[in-house]
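These numbers come from a predicted model, not from an experiment.
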Amino acid sequence: MRLSSGTQAPPGRTVAAWGDDHHGRSHARTPDRPARLTFGNRPTQAYLALVAVAAVHVAVDTAFAQHADASFAGVWLFFLAAPAIFGFLAAGMSFGDSSAESAAFLYPALVLAVLLQALALGAFTRLLKDGTTAARPRGV
């Protein structure tokens, strides 16, 4: 059976189970599942929006505000990325203090920590959503 992309479905698989469904949409399930858990529900979208607002606040505060002492605007990003960011920082400290304190390590670690927590939040949301019908013995 030929799919719209010109490839063939594996033996024993139909078009609806492998490639395009009857509406012409592709629905490969495996690759997009982590992305759907990370970005595809309201709690994770709200969390990522909150992180984006905090990141914009940090960027504006760093670029345009003058402070007599240190600003604590960046602390909010760490609060929002906790506890995962602390795991990344601990792993970075094992390579040496200077590597963990560099911006080249810190910014990607912050992004990965936020994405990891959004994935965990999405998985927890899916667990709560799918677990609403608790398994109980009938008649009890």
Practice problem: Could you note down all residue pairs passing side-chain hydrogen bond (donor to acceptor under 3.5 Å, both in side chains) where residues 72-86 supplies at least one of them, sequence neighbours left out? | Solution: none
Quiz item: Within a strict 4.5 Å, meaning less than it, do heavy atoms of the Phe39 and Thr44 side chains meet?
Solution: no
Exercise. State, with a plain yes or no, whether a side-chain heavy atom of Phe78 is found less than 4.5 Å away from one of Leu89.
Key: yes
Exercise. Return yes if some donor-acceptor pair links the side-chain N/O of Thr62 with the main-chain N/O of Ala59 below 3.5 Å, else return no.
Key: no
Self-check item: Gln117 to Ala84 - nearest heavy-atom pair and separation
Solution: OE1-N, 3.1 Å
Practice problem: For residues Phe88 and Phe105, report the shortest heavy-atom separation together with the two atoms involved. | Solution: O-CZ, 3.2 Å
Quiz item: Can you list the steps and then say if Leu77 with Leu110 is a side chain to side chain contact (heavy atoms under 4.5 Å, CB included)?
Solution: CA-CA 8 Å; Leu77 280 175; Leu110 193 60; 4.0 Å; yes
With rounding to the nearest 0.5 Å, note down the distance linking [atom1] in [X] to [atom2] in [Y].
| X | Y | atom1 | atom2 | answer |
| --- | --- | --- | --- | --- |
| Gln45 | Leu121 | CD | CG | 11.0 Å |
| Leu116 | Thr38 | CG | OG1 | 8.5 Å |
| Arg36 | Leu119 | CZ | CG | 13.5 Å |

Quiz prompt | Verify same cluster id: Val114, Val58 (apolar side-chain graph, 4.5 Å) | solution =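 In one cluster: yes.
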Quiz item: Linking I/L/V/M/F/W/Y whenever any side-chain heavy atoms sit under 4.5 Å apart, do Leu112 and Tyr47 land together?
Solution: no
Quiz item: Which of these passes side-chain contact (heavy atoms from CB on, under 4.5 Å) with Val51: Leu80, Val111, Leu115?
Solution: Leu80
